[in-house]
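Note: hydrogens, waters and symmetry copies are ignored here, and every other heavy atom, side chains too, is used.
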Amino acid sequence: MKTTIINAKIYTANPDMPYAKSISFEDGYFTEVSTENLNGDTLLDAENKLIIPALLDIHMHPIWIAENINKLACVPPKINSIEDLKQGVKHIRATRGNGKWILGWGFDEGKMKENRICTKEDLDKACFDCPVIIERTCNHICVCNTSALLALNINPANHNGILKEKEKFDTFNHIPPYSKDELTHNIAKLSNDLFSKGITTISEMLGTPDTLRFYDEAMRTSLGQRLAFAYDYHQIKNTTHLPSPRNSRIRIQGVKILSDGSVSGQTAWCSTPYLNTDNYGNTTITDEEFIDAQNIAKRHNIQLIVHAMGDKAIEKVIRLKADDWLEDMPSLRIEHYAIVKDHLLEETKKKNIAVVSQPIFVFAEIESYLKNLGSSFKDYCYPYKKILENKIQLAFSSDAPATSWADPVNPFVAMKSACQRQSYSGYDTGFEECIPITTAIDLYTREASKVLGVESLGQIKKGYLADFIVLDRDILTDQTTLQNTQVLETYMSGKQCYKRK
């Protein structure tokens, strides 16, 4: 049965027909798109509301988000100081009892009254008899109390409690995992939240064989979106066979490797030192590891996905990139691409490398960028206009939950950042790099789909999957309240999967 929506204002993200008034869909696909009202078996009047393609978030960590639901959120407005953090830890200790792990996420010293990272001693004062670990906003750094260090077989007498990069990621492999029931319940809540933000395709950017099995099961019970899955290189580097998903909504996208850390944590690898320091950050992989990860991607006919934020890390990725091995999508993606000196743009284009970036970072973490790079950061950080002018393939995503924002997955906050180039506090983050709202939508839809190599998504176009969303305001003509945009309805494959109450 054909459903037709009439009297709509439609942005299609289809360059051949950017705007329409009416759409029809049947059996999960768009059958007609028109600038006039169409006929259909079922007619729905949009009453001139704006419709755009449903959004794709092609770099995020759903399991981390699901786990964070049960953790202490160390972000404003609830936590604005280290004293607030200590009180939050004390409250959890009082309600959970002795011996159980206390975990927190999202800590950003730039947003704290004390303007410093919390310490082992701070956490010991809050709780000495339970292991406590607080993750920094970037997810590349955490702070442990004495009890946590002991549980991890680290001598607290010789350690300041701060773990970075590989040491941090290894640590989280030793924390007792959430039960499958807890995670399944939280994934269901996350799935509904994502639909409420218009997101019908998501990703897992640090997957393991175990998490793939979990997603296979979650698809049957609690997770409604499609999923692009990337294996963590360090989890599969000694594996000759990569497990395949059983569910058709899961696609093995690539293998991911981290080339450096974060700007906010001063671990991104840069050509110049961080402000008022002699610290250049550091690389987290050898050339040999990069080449091995690239060979794994080639062998399995999937993407190599590389985290690189600092210009030295980006330079290394470009230097080591081999000839393309994929035809229907970019063979290599650089994720983040934060500190970009002009010469890197030409080299990125020449090597046919795609970029997946997150406008939420500079919007939410402005204090860290000013502290670590100085006000000149806006001359070379996230230069979206230059990236597009150089015809580099670009897409947007969230990297949620890896930023200090209470709602890091919100695409309309990211669009505001890219279109207006202001932080949440109103600071100029590079006004010359502003992009139009239609471009921002394209980068969350059509271009994200191209990076994934999925031809039938990201546009309102005949023959494409009928994924679209209805918005509560016209963001094409007025972006003053863009960050407050609400999705009224979300459709996936022609079926309504969310309706705002």
Checklist line | Within 6.0 Å of NZ in K385, more than 12 heavy atoms from elsewhere | finding: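 No.
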Checklist line | Non-neighbouring partners of R333 that pass salt bridge (Lys or Arg N to Asp or Glu O under 4.0 Å), sequence neighbours left out | finding: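 Salt bridge (Lys or Arg N to Asp or Glu O under 4.0 Å) check on R333 returns E335.
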Notebook entry, point to check: What pairs with E135 under salt bridge (Lys or Arg N to Asp or Glu O under 4.0 Å), at least two apart in sequence or on another chain?
Noted result: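 Counting only residues at least two positions away or on another chain, E135 forms a salt bridge (Lys or Arg N to Asp or Glu O under 4.0 Å) with K71, K168.
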Under the side chain to side chain donor-acceptor pair (under 3.5 Å) test, which residues partner [X], sequence neighbours left out?
X	result
Y380	none
K351	none
T445	none

Residues two or more places apart in sequence or in another chain: which of them pass side chain to side chain contact (heavy atoms under 4.5 Å, CB included) with [X]?
X	answer
R116	I82, E114, T119, D122
I175	W101, L103, I133, F172
T221	T184
T95	H91

Notebook entry, point to check: Salt bridge between D124 and K120, side-chain N to carboxylate O under 4.0 Å?
Noted result: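 Salt bridge absent between D124 and K120.
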If you look only at distance, which donor and acceptor atoms sit under 3.5 Å apart when one is on a side chain in residues 227-242 and the other is two or more places apart or in another chain?
residue, atom, partner, partner atom, Å
Y231, OH, P243, O, 2.8
D232, OD1, H234, N, 3.2
Y233, OH, D292, OD2, 2.7

Item checked: Residue pairs passing the ring pair (Phe, Tyr, Trp, His ring centres under 6.0 Å) test where at least one lies in residues 126-158, sequence neighbours excluded -> H140-F169, H140-H307
Margin query: Going by side chain to side chain donor-acceptor pair (under 3.5 Å), name the pairs with one or both residues in residues 78-90, residues two or more places apart or in two chains.
Written below: S81-D84, E83-K86
State whether a side-chain donor-acceptor pair under 3.5 Å links [X] with [Y].
X	Y	result
Q358	D399	no
D260	T284	no
N153	H174	no

